[in-house]
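Just below is one structure, and these are the notes that go with it.
Just so you know, residue 1 is the first one in the sequence shown, and it goes up from there.
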Amino acid sequence: MTTGLLVSYVRERAGEAAVEETLRRAGVPFTAEELSEPSTWTSYDTRIRLFTAATEVLGDPDAMFPMGAEALRNGMNAAVVLLVRAMGTPRQVYARLPRAVANFSTTSTMQVLEAGATTATIRYQLHEGYVHSRLDCDYARGLISMVPTVFGLAPAQVVHEECESSGYEACVYHLSWDRRQRLPWRRRGATTAADPELAALRIQVRSLQSAATDLVDGVDLDTVLPRIVERAAAAVLAPAYLLAVSAPAGGAPLVHSAGLPDADVPGLTARLLAGEDLGPGAVVVDVRSARRTHGRLAALHRPGEGGLGDERAMLAAYAGHAAAALDLVMALEGSRLETRRAGALLDLAHGLAQAADVPSTCATVARALPSIVGCDNAAVMLWDPAAGALSTAATVGLPADRETVMRTTSLRAEEVPELLGMLSDREPRVLSPTGGSAPMRRLLTSLGVSDAVAVPLLAGSTFLGVVTASWSEGQSGGAVDADVLARLRGVGDQASTALQKARLLETVRHQATHDALTGLPNRVLFRERLATALAAVPDGSAVGVLFCDLDRFKAVNDTLGHAAGDELLRQVSARLRAAVRPGDTVGRLSGDEFAVLLPRLGGPADADSVVARVDEAFAEPFRLDGTPVDVGTSTGVAVRSGPVADVAAVAEQLLRDADAAMYRHKHRDRPPAPSPRQAT
């Protein structure tokens, strides 16, 4: 209020350039517009710097007295003027000044030493640590001298002989005024006494209209809610304000405050929303429109102090404007929310169309759920019928440590009744850490989730898994309603279709790159992995290929039949996989030819140990239809060390070299004979 008056006073007398120069000299971190806002609170030192700069710029060392005198006529908050007028006499106003000062200043204490019908003595003392300025006294004298004018009387005479700036312990003001109007005041007519009140009423109406326009101009809640708090001073001047309104999409209330320590806001908010008494210094009203009650607004005075009068009506009128603005903004927010959800659904459809496999499908669904459902966290869990358990395939919205918990948790049907029930009836389940089975309560508690809902993913009658939406502790606000379930079911239907498609594609890709009989990588996939290994081999390392051909395989087919031959190939593939190292690849290239990729070798000699294990795998007979059958293998090895330039060419050469080495091994004990590859 004081800083806004100063800006206006300097602007009227010397123009905008003088205002800018005053702010520059004072070195304040505010613009002129910010200083004119009632919600901008400045320190005592800042105010004195502004006083000093203003007197210098105006070239008038006594400028603060007339500026203080202007406060009640032009600069004072209109609600305060009306309240002052309602007190009835200057004596009542002066008697209550200490209470008002205590509400708006933490730097000083004011006492009324004497208050009579036409005289008063006021003692004003700065708190320890502040340096008194005579300019502050000039402003205060001008302000308090004008109190009688609110009642149609002449200004009070102020005698100020004791001042802190002159070494006195405190400032003492002796005031005197006439009980009746004196000429020329009487000549102004019988309505003179009502003029200040009428002017204040006009100002207040304009202020409320301006506040209403300002609020309605807000484009979203993030803009409007702070404005409501900032403009509350247009109705009630107080040290602090607190606003709490319901969130449009549910969850925790939206809270904004001014003048309150952050640590005090949660407790006061809970009491405000619970309808508890915030003390005699609180003015509390509902922010209510014809459509709904949005929340509550409070103007808060310091403990033991109250306002200057009945300010509830004005704050309620302002809250009505705020509620109307919130109606409009929340309608816009609702429209924007539906637009975002529609966009998210469209993005989900596009994402699922492009998803190439099950992991990417699950990740796409999980990412879309918070926007579509309005939840904080989401997950897709897939059902493993062999293990009888659900495991997490994708999750979003959880902190890293809790995401780890989610991804490492396996829900087994025999241990989780909610899952068992879902397998039976295929219906969604609403979950809470305060109800349900012990395993589910533990999981939700460890995830920091207050509410969750799980919807089954179904392909016909086949259970594929679940999609889940959850809300962090204190954020649900009863968010799991019929609308949420409907949206989650819709996403679940899309996810089920996409998962079926992804699994079909994975099956087709697997069949294209794997041997149908043994499940091993075929020649195409083996070459791809060999090329990848060659491209990544560093200096000092090597890549090896083992080429294996079964001995006497044709004899097995001829004597025991092709079914026995197929069973032999399956058993051979199993023994080879058991013989190689983790990270090695066993592939079936054709017929009875197998190959082993060794992507990590220190050198050529390291391949010998793998060859020995492969040879050992054939030491025991194979059992085919209950008959033990001895089958051997011929193995060739080719190794390439160091980085490779032409990966494809080197891969083909390695396979040829390993094949040639295998052929030499197969015929090492035989007399020379024409190579089958050369026969005609």
Could you give the side-chain donor-acceptor pairs of residues 361-370 under 3.5 Å, partners two or more places apart or in another chain?
{"unit_1": "T361", "atom_1": "OG1", "unit_2": "D357", "atom_2": "O", "d": "2.8"}
{"unit_1": "T364", "atom_1": "OG1", "unit_2": "S360", "atom_2": "O", "d": "2.8"}

Quick one: side chains of residues 484-492, donor-acceptor pairs under 3.5 Å with protein atoms, not counting sequence neighbours, listed by atom name and distance.
{"unit_1": "R487", "atom_1": "NE", "unit_2": "I372", "atom_2": "O", "d": "2.7"}
{"unit_1": "R487", "atom_1": "NH1", "unit_2": "D483", "atom_2": "OD1", "d": "3.1"}
{"unit_1": "R487", "atom_1": "NH1", "unit_2": "D483", "atom_2": "OD2", "d": "2.0"}
{"unit_1": "R487", "atom_1": "NH2", "unit_2": "V373", "atom_2": "O", "d": "3.0"}
{"unit_1": "R489", "atom_1": "NH2", "unit_2": "E427", "atom_2": "OE1", "d": "3.2"}

Taking side chain as C-beta onward, heavy atoms only, is [X] less than 4.5 Å from [Y]?
{"X": "L419", "Y": "W383", "result": "yes"}
{"X": "F553", "Y": "V631", "result": "no"}
{"X": "D347", "Y": "L345", "result": "no"}
{"X": "P521", "Y": "T585", "result": "yes"}
{"X": "V572", "Y": "T518", "result": "no"}
{"X": "E276", "Y": "L272", "result": "no"}
{"X": "V466", "Y": "V455", "result": "no"}
{"X": "E506", "Y": "H510", "result": "no"}

Worked verdict on L534 versus L654 for side chain to side chain contact (heavy atoms under 4.5 Å, CB included): CA-CA 10 Å; L534 288 169; L654 269 177; 3.9 Å; yes

Measure the [atom1]-[atom2] distance between [X] and [Y] for me, rounded to the nearest 0.5 Å.
{"X": "R575", "Y": "F594", "atom1": "CZ", "atom2": "CZ", "value": "12.0 Å"}
{"X": "L398", "Y": "S472", "atom1": "CG", "atom2": "OG", "value": "7.5 Å"}
{"X": "R577", "Y": "D584", "atom1": "CZ", "atom2": "CG", "value": "13.5 Å"}
{"X": "L464", "Y": "S496", "atom1": "CG", "atom2": "OG", "value": "5.5 Å"}
{"X": "D376", "Y": "W471", "atom1": "CG", "atom2": "CH2", "value": "8.0 Å"}
{"X": "L520", "Y": "H514", "atom1": "CG", "atom2": "NE2", "value": "8.0 Å"}

Minimum-distance pair of heavy atoms, taken over all atoms of [X] and [Y]:
{"X": "V637", "Y": "V639", "value": "CG1-CG2, 4.0 Å"}
{"X": "L530", "Y": "A651", "value": "CD2-O, 3.5 Å"}
{"X": "K501", "Y": "L352", "value": "NZ-O, 3.1 Å"}
{"X": "G436", "Y": "R441", "value": "O-NH1, 2.5 Å"}
{"X": "A454", "Y": "T468", "value": "CB-CG2, 4.0 Å"}
{"X": "P599", "Y": "V543", "value": "O-CG2, 3.8 Å"}

Pair listing, side-chain hydrogen bond (donor to acceptor under 3.5 Å, both in side chains) test, anchored in residues 632-647, at least two apart: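 Listed once each, the pairs are D551-S634.
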
Chi angles and distances behind the side chain to side chain contact (heavy atoms under 4.5 Å, CB included) call for F547, D657: CA-CA 9 Å; F547 207 99; D657 291 347; over 6 Å; no

Checking the side chain of [X] only, and the main-chain atoms of [Y] only, is there a donor and an acceptor separated by less than 3.5 Å?
{"X": "E418", "Y": "S437", "value": "yes"}
{"X": "T445", "Y": "R442", "value": "no"}
{"X": "T462", "Y": "L458", "value": "no"}
{"X": "E415", "Y": "P439", "value": "no"}
{"X": "S541", "Y": "V537", "value": "no"}
{"X": "T293", "Y": "G295", "value": "no"}
{"X": "N522", "Y": "A512", "value": "yes"}
{"X": "R296", "Y": "V245", "value": "no"}
{"X": "R581", "Y": "R600", "value": "yes"}
{"X": "K666", "Y": "A661", "value": "no"}

Non-neighbouring partners of D515 that pass salt bridge (Lys or Arg N to Asp or Glu O under 4.0 Å), sequence neighbours left out: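 With neighbours one apart ignored, the set is R588.
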
Test side chain to side chain contact (heavy atoms under 4.5 Å, CB included) applied to R552 and V556, step by step: CA-CA 7 Å; R552 297 181 295 280; V556 171; 5.6 Å; no

Side chain to side chain contact (heavy atoms under 4.5 Å, CB included) assessment of L589 paired with F526: CA-CA 8 Å; L589 304 189; F526 189 88; 4.1 Å; yes

Could you pull out all donor-acceptor pairs under 3.5 Å where a side-chain atom in residues 605-625 meets a protein atom, sequence neighbours excluded?
{"unit_1": "D606", "atom_1": "OD2", "unit_2": "G602", "atom_2": "N", "d": "2.7"}
{"unit_1": "D606", "atom_1": "OD2", "unit_2": "G603", "atom_2": "N", "d": "3.3"}
{"unit_1": "S609", "atom_1": "OG", "unit_2": "D606", "atom_2": "O", "d": "3.2"}
{"unit_1": "R613", "atom_1": "NE", "unit_2": "A579", "atom_2": "O", "d": "2.7"}
{"unit_1": "R623", "atom_1": "NH2", "unit_2": "G626", "atom_2": "O", "d": "2.8"}

Heavy atoms of other groups near D262 CG, more than 12 under 6.0 Å: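 Atom CG in D262 is not crowded, with 12 or fewer foreign heavy atoms closer than 6.0 Å.
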
Trace of the side chain to side chain donor-acceptor pair (under 3.5 Å) decision for Q500 with R503: CA-CA 5 Å; Q500 292 180 78; R503 286 181 171 176; over 6 Å; no

Between T497 and Q494: side-chain donor-acceptor atoms closer than 3.5 Å: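 No, Q494 and T497 have no side-chain donor paired with an acceptor closer than 3.5 Å.
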
Return a table of donor-acceptor pairs under 3.5 angstrom between the side chains of residues 386-397 and protein atoms on other chains or two or more places apart.
{"unit_1": "T392", "atom_1": "OG1", "unit_2": "M406", "atom_2": "O", "d": "2.9"}
{"unit_1": "T395", "atom_1": "OG1", "unit_2": "A378", "atom_2": "O", "d": "3.1"}

